[in-house]
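Bear in mind that the values here come from a model prediction, so they are computed numbers and not experimental data. Whatever order the structure lists ligands and atoms in, that order sets their numbers, starting from 1.
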Amino acid sequence: MTSAATTARHRILVVDDEPEMAKVVEQALARRGYDAQQEHSADAAWERLEKEDFDIVVTDLNMRGMNGVELTERIVKNRHDVPVIVITAFGSLETAIATLRAGAYDFITKPFEIDQLVVAVERALSNRRLREEVKRLREEVERSKPGAEFVGDSPAMRKVHETLARVAETDATTLITGESGTGKELVARDLHRRSKRADGPFIAINCAALPEALLESELFGHAKGAFTDAKAPKKGLFVEASNGTLFLDEIGEMPPGMQAKLLRALEERTVRQVGGTSEIPFDTRIIAATNRDIESLVASGRFREDLYYRVNVVHVALPPLRARANDVLALAQQFITRYAEPMGKRVAGFSPAVGERLLAYSWPGNVRELQNCIERAIALARFEELTVEDLPPKVRDYKPSFVVVATEDPTDLVTMEEVEQRYIQRVMEAVGQNKTQAAKVLGFDRTTLYRKLERYRIGNANAATGSTGSASSPNTVAAPVVASAKD
Ligand SMILES: Nc1ncnc2c1ncn2[C@@H]1O[C@H](COP(=O)(O)OP(=O)(O)OP(=O)(O)O)[C@@H](O)[C@H]1O
Ligand SMILES: [Mg+2]
């Protein structure tokens, strides 16, 4: 163990509602080489902890307002990496034990010698170092098995894996596109984990979730007093993510004003804080994602073309789940393995009929929808294998909107009624559910169309219309396909 004087200056927050006492402890710690700071109430201490980094908190127990036990609980819950040492009056051993239960690292009884406190502080610091080391080692192990949690090696995904392997070690700005639930965030985290910045932070922000002004101060920070609530300066995520990765999610929704500022930041590699005057450099890798068709946003002028090129240095396009062939089965199995036990179920797999339904369904919500579907099915399951009854109705009753005709197998053939139903459904999809147009295409009058829509429950929430898949989806069980639109 190194002595306090030779270690880097560790920051210690001393909390005591008796200012005299706080001062004595603060000065004693400062003399031993620590950067000690004091606060005189638990509330003030908590506020400070939300804004600044401390290595250790030393707090008195009995204070007016929020007491030390509550403060300890809060720190343990929200800032579990900051050890708390509690100082308690002699004799109240019970409270001291209560704080240990609440997660305090150690306690000291009053009156105490300052050296006693220093020993406790040093122990807490070395314990913290040890935990960080373990965490780092664990992360290193994680990193050495790239894409471990990433399921699927369909041809479509193999291309993605190739791109990821190629760019993992670079610092290039990367754009990830793909429908909702295709795994964009998972890929972003994977890229970070496999990069040289893995020890640095990964910070994600959803650009669609905040109004423009807030987004700007979140990203770029603000100077003290920049606006009414800006009581303290704030670094901003570009700077906070230095040595790490900043993930700009839903970048397609970024307001135009912000787009201009982002472009500038990416070009200059510096940010200017809201209300600030100086340029602050950052060393942060940027990964952006969107589920929008960003090229058409560019074409229609809603996304700046110059920013698009800046962000799109490397492009990772995630295919929708329905284009990933049998990945859907591997993913389903993975989710069963992952969730069954924690959910207290002995489910180990699924029946072949379930596999067929999973392959046929179009998964508009992609991997996330599949994940929810499997979780729900596990909850309902009565056997060790998931059965068709465990699937949600829209998956269970899903009928692909095309008809197989080029088949040798008579069991694949369907009735005229089924053909009619699926064909109407297909036409409705093709005309964007516009009934007038559909009636025209089908050669029905509107009344007939309405009758048939009702009869086949097309267009109704529970009916089997969820398809956003294309007729040529490679996912279909029934290949060689066909459904000619004519005739
Ligand atoms: N290939 C995969 N293997 C295992 N799990 C996956 C895979 N792809 C996605 N998931 C899981 O599916 C869920 C959705 O993924 P994620 O949040 O990354 O999607 P997204 O593309 O960011 O969606 P959105 O556009 O809605 O934000 C997550 O729980 C993720 O862990
Ligand atoms: Mg996402």
Side-chain angles (χ1 to χ4, degrees), residues 142-143 145-165 168 174-194 202-210 215 218 237 245-254 286-297 303 311-312 314-343 350 358-359 361-379 392 395 466 468 474-475:
E142 277 300 307
R143 227 180 6 263
K145 29 176 199 181
E149 50 182 320
F150 215 83
V151 179
D153 64 349
S154 56
M157 283 308 282
R158 230 171 288 147
K159 258 196 235 152
V160 171
H161 286 303
E162 277 165 25
T163 314
L164 294 180
T174 302
L175 178 66
I176 307 171
T177 55
E179 290 177 13
S180 177
T182 46
K184 295 184 291 298
E185 180 151 354
L186 196 68
V187 165
R189 288 181 188 277
D190 192 58
L191 276 175
H192 171 74
R193 221 178 5 248
R194 291 159 70 177
F202 176 92
I203 300 182
I205 178 164
N206 184 336
C207 302
L210 298 174
L215 183 62
E218 274 300 307
L237 299 182
T245 305
L246 178 61
F247 178 48
L248 301 174
D249 205 358
E250 307 209 23
I251 195 172
E253 322 291 328
M254 193 177 260
I286 307 295
I287 301 181
T290 180
N291 55 23
R292 304 282 299 270
D293 176 1
I294 191 144
E295 280 173 9
S296 78
L297 292 181
F303 197 85
V311 172
N312 193 22
V314 173
H315 184 186
V316 180
L318 287 176
L321 182 55
R322 61 185 164 278
R324 297 190 199 173
N326 286 346
D327 281 3
V328 69
L329 302 182
L331 279 160
Q333 184 57 56
Q334 158 83 7
F335 293 141
I336 291 174
T337 312
R338 201 187 294 170
Y339 299 130
E341 206 195 290
M343 289 171 73
F350 49 84
L358 296 181
L359 283 168
Y361 182 60
S362 66
W363 303 108
N366 295 293
V367 184
R368 184 179 297 111
E369 186 183 6
L370 173 64
Q371 194 174 326
N372 294 340
C373 162
I374 298 295
E375 254 189 281
R376 173 186 186 277
I378 294 172
V395 180
T468 55
N475 241 353

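With His161 contributing its side chain and Gly152 its backbone, the two residues share a donor-acceptor pair below 3.5 Å.
Protein heavy atom closest to atom 23 (O) of ligand 1, with residue, atom name and distance, is Gly181 N, 2.9 Å. For atom 1 (N) of ligand 1, the closest heavy atom belonging to the protein is Val151 O, 3.0 Å. For atom 7 (C) of ligand 1, the nearest protein heavy atom (residue, atom name, distance) is Leu186 CD2, 3.4 Å. Given atom 4 (C) of ligand 1, the protein heavy atom at minimum distance is Glu149 O, 3.3 Å.
Residue Val367 has no N or O atom closer than 3.5 Å to an N or O atom of ligand 1. Residue Arg368 has at least one N or O atom closer than 3.5 Å to an N or O atom of ligand 1. Of the N or O atoms in Leu331, none lie within a sub-3.5 Å distance of an N or O in ligand 1. For ligand 1, the polar-atom distance check finds no N/O of Met157 at less than 3.5 Å from any of the ligand's N/O atoms. In terms of N/O distances under 3.5 Å, ligand 1 is approached by Glu185. Inclusion of Lys184 in the set of residues having an N or O under 3.5 Å from an N or O of ligand 1 is warranted.
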Please assess Thr182 against Leu321 for the test side-chain contact (heavy atoms from CB on, under 4.5 Å), listing each intermediate value before the final yes or no.
CA-CA 7 Å; Thr182 46; Leu321 182 55; over 6 Å; no
Check step by step if side-chain contact (heavy atoms from CB on, under 4.5 Å) holds for Phe247 and Arg189.
CA-CA 9 Å; Phe247 178 48; Arg189 288 181 188 277; over 6 Å; no
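Distances below 4.0 Å separate heavy atoms of Gln371 from the following atoms of ligand 1: 11 (C), 12 (O), 13 (C), 28 (C), 29 (O). Of all the atoms in ligand 1, the ones that sit under 4.0 Å from a non-hydrogen atom of Asn291 are 25 (O).
No side-chain heavy atom of Val151 sits less than 4.5 Å from a side-chain heavy atom of Phe335. Side-chain contact check for Ile286 versus Val311: every heavy-atom pair is 4.5 Å or farther apart. Using a 4.5 Å cut-off on side-chain heavy atoms (C-beta onward), Tyr361 and Leu370 make no contact. The shortest side-chain heavy-atom distance between Phe202 and Arg193 does not fall under the 4.5 Å cut-off. Side-chain contact between Val367 and Leu186: absent, with no pair of heavy atoms (C-beta onward) separated by less than 4.5 Å.
Compare Gly183, Ala208, Gly178, Ser180 by their heavy atoms: the one nearest to atom 15 (O) of ligand 1 is in Gly183.
A donor-acceptor contact under 3.5 angstrom links the side chains of Asp327 and Ser154, judged on distance only.
Every heavy atom of Gly152 sits 4.0 Å or more from the atoms of ligand 1.
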